[in-house]
Amino acid sequence: MDLTISSIESQLKKETHHYLVKGMMWATLISLFLVVVFLANIKMHSTPLLSLHQATFFLAPIVIIASIGTVTSRFFKGVEVSNRALFTYLFMLEVAWLFLIWKLFENGGEMYAEHAALIGVESLIDVLVLTFAIALFPDRRVMLTAVLPLMLISFFTRLIEVPANPLFPATKLFCFLAILVTGQKVLYSWFRKAIVRDVEKQYLLKQFRRMALVDGLTNISNRRHFDEILSQEIRASERNNHPLCLILIDIDYFKRLNDSSGHQVGDECLVEVAKVLAGICHRPRDLAARYGGEEFVLLLPDTDLNGACQVAEKVKLKLAEAKLIHPDSELGSYITVSQGVCQCRESMSADEFISEADKLLYSAKSTGRDRYIGG
């Protein structure tokens, strides 16, 4: 399977960025929720660490930053935001939380002695650690940069307030860190595998679509694709009252080439003729297709019979310039083609359109080949 590492890495980078945007919103919503819970706890607690006025003042940076993030994400929905901008925003949000935690520690005083307030602050830090870890897990370096300051604050707070038991905060720090690192590895490996599978699936879908619509030998549209486009263009021509022409092309004495030079030479001839036709169909809606065997077809929307005949003349001239060898042709040493040029008439079906072009092609072949006849 011709899957390049660059395509996988490109998709991985895109999906990682998409996740980080979602992670930013996740961290923002959790922060706003924690603010509400924090204020409610102060309101309900008889002896809070901070007064309601103090808490409101210290929570203000968090609310302001989270509100800016929410409004910005709504306002710039669908606009690409750089990873640097996302990381800067999350860094500011974390700094605002660190400021609050510092103020809690500074104002806690003797209340930490009963450990209830200490446990509350530790719980808040643990929730923030998990929040930022989940929000940033695709990028381990950034994730650890975000969570380590919070984990170290929790460690030193416990160590300072309860110095008699240093083993617990140290064990918690290293176990928590080990869980986050190993968990990030596992989740990222699943994340990457999911991206690889998605890239492979998209690649296979493109390949299947290509196999369904492109001729495997000549690499231009196949009969199936031509039939689909023909029906669409006939409807568009009738709706817009624009001309539509079709050129049915047959390689002169192709069977003799196959019989004398072999099928490989015949296949090479078909490939070269297809290249010439594809080069002539340069407008966006023009279509060159292999109709079957040695027959090709050009579909020319917004082209009247005179314009289509000019295209047929160009096909003749370009093939003459290509000088594709045909040792058994009665018309010379090079490949020539016969062409039936037909313009679609009102209420003409796709089958009638092709049948009319086929009759004109037969007329071109029966009157000497290496020519086109329009009608």
Side-chain angles (χ1 to χ4, degrees), residues 209-210 212-252 254 269-322 324 335-375:
R209 180 170 177 80
R210 178 178 175 81
L213 302 179
V214 176
D215 180 64
L217 175 64
T218 60
N219 211 32
I220 61 174
S221 294
N222 59 16
R223 173 71 178 272
R224 177 179 178 180
H225 189 211
F226 167 74
D227 288 340
E228 291 178 0
I229 300 301
L230 177 61
S231 297
Q232 295 174 17
E233 292 296 350
I234 289 176
R235 290 194 296 270
S237 176
E238 292 174 346
R239 183 171 59 252
N240 302 321
N241 198 28
H242 291 170
L244 174 66
C245 280
L246 181 151
I247 306 176
L248 198 57
I249 302 168
D250 186 81
I251 299 176
D252 296 326
F254 183 75
C269 170
L270 292 173
V271 170
E272 293 303 318
V273 170
K275 288 180 181 178
V276 171
L277 298 179
I280 291 172
C281 291
H282 55 81
R283 297 184 307 173
R285 287 171 59 195
D286 290 348
L287 180 69
R290 186 182 179 190
Y291 194 68
E294 69 273 19
E295 287 189 327
F296 294 87
V297 63
L298 302 183
L299 187 61
L300 307 169
D302 297 328
T303 305
D304 59 16
L305 186 60
N306 181 56
C309 287
Q310 292 179 26
V311 174
E313 179 66 24
K314 190 174 183 180
V315 170
K316 183 177 178 180
L317 292 175
K318 289 294 183 181
L319 282 174
E321 291 175 4
L324 305 175
I335 290 291
T336 60
V337 295
S338 299
Q339 306 177 72
V341 186
C342 181
Q343 181 170 342
C344 188
R345 296 189 293 275
E346 188 176 353
S347 300
M348 182 179 277
S349 68
D351 289 340
E352 291 170 340
F353 194 14
I354 295 171
S355 179
E356 187 66 25
D358 191 50
K359 291 176 183 177
L360 294 166
L361 172 61
Y362 178 79
S363 180
K365 292 169 69 175
S366 62
T367 54
R369 303 177 190 259
D370 190 21
R371 66 192 63 201
Y372 57 88
I373 293 182

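All of these numbers come straight from a predicted model, not from anything done at the bench.
- For Ile229, the side-chain contact (heavy atoms from CB on, under 4.5 Å) test picks out His225, Gln232, Glu233, Leu287, Leu299, with sequence neighbours left out.
- With sequence neighbours excluded, the residues forming a salt bridge (Lys or Arg N to Asp or Glu O under 4.0 Å) with Lys275 are Glu272, listed by chain and number.
- Considering only residues two or more places apart in sequence or on other chains, Leu305 meets the side-chain contact (heavy atoms from CB on, under 4.5 Å) condition with Cys309, Val341, Gln343.
- The salt bridge (Lys or Arg N to Asp or Glu O under 4.0 Å) contacts involving residues 238-247 comprise nothing, where partners must be two or more places apart or lie in separate chains.
- At distances below 3.5 Å, not a single donor-acceptor pair connects side-chain atoms of Glu294 with backbone N or O atoms of Phe254.
- At least one side-chain heavy atom of Leu300 sits under 4.5 Å from a side-chain heavy atom of Ile247.
- Residues forming a side-chain hydrogen bond (donor to acceptor under 3.5 Å, both in side chains) with Thr336 (at least two apart in sequence, or on another chain): Asp252.
- Scanning for side-chain contact (heavy atoms from CB on, under 4.5 Å) contacts around Lys359 gives Ser355, Glu356, with sequence neighbours left out.
- Residues forming a side-chain hydrogen bond (donor to acceptor under 3.5 Å, both in side chains) with Asp302 (at least two apart in sequence, or on another chain): His242, Arg285.
- For Asp286, the side-chain hydrogen bond (donor to acceptor under 3.5 Å, both in side chains) partners two or more places apart in sequence, or in a different chain, are Arg283.
- For residues 288-309, every residue pair satisfying the ring-ring contact (aromatic ring centres under 6.0 Å, His included) rule, not counting sequence neighbours, is listed here: Phe226-Tyr291.
- With sequence neighbours excluded, the residues forming a side-chain contact (heavy atoms from CB on, under 4.5 Å) with Val214 are Arg210, Asn219, listed by chain and number.
- In terms of the side-chain hydrogen bond (donor to acceptor under 3.5 Å, both in side chains) criterion, Ser363 has no residue partners (sequence neighbours excluded).
- Rounding to the nearest 0.5 Å gives a distance of 13.0 Å between CZ of Arg290 and OG of Ser221.
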Test log, rule side-chain contact (heavy atoms from CB on, under 4.5 Å), inputs Ser338 and Leu361: CA-CA 6 Å; Ser338 299; Leu361 172 61; 3.9 Å; yes
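- For residues 347-375, no pair satisfies ring-ring contact (aromatic ring centres under 6.0 Å, His included), with sequence neighbours left out.
- Residues Val315 and Val337 have side chains in contact (heavy-atom distance under 4.5 Å, counting atoms from C-beta outward).
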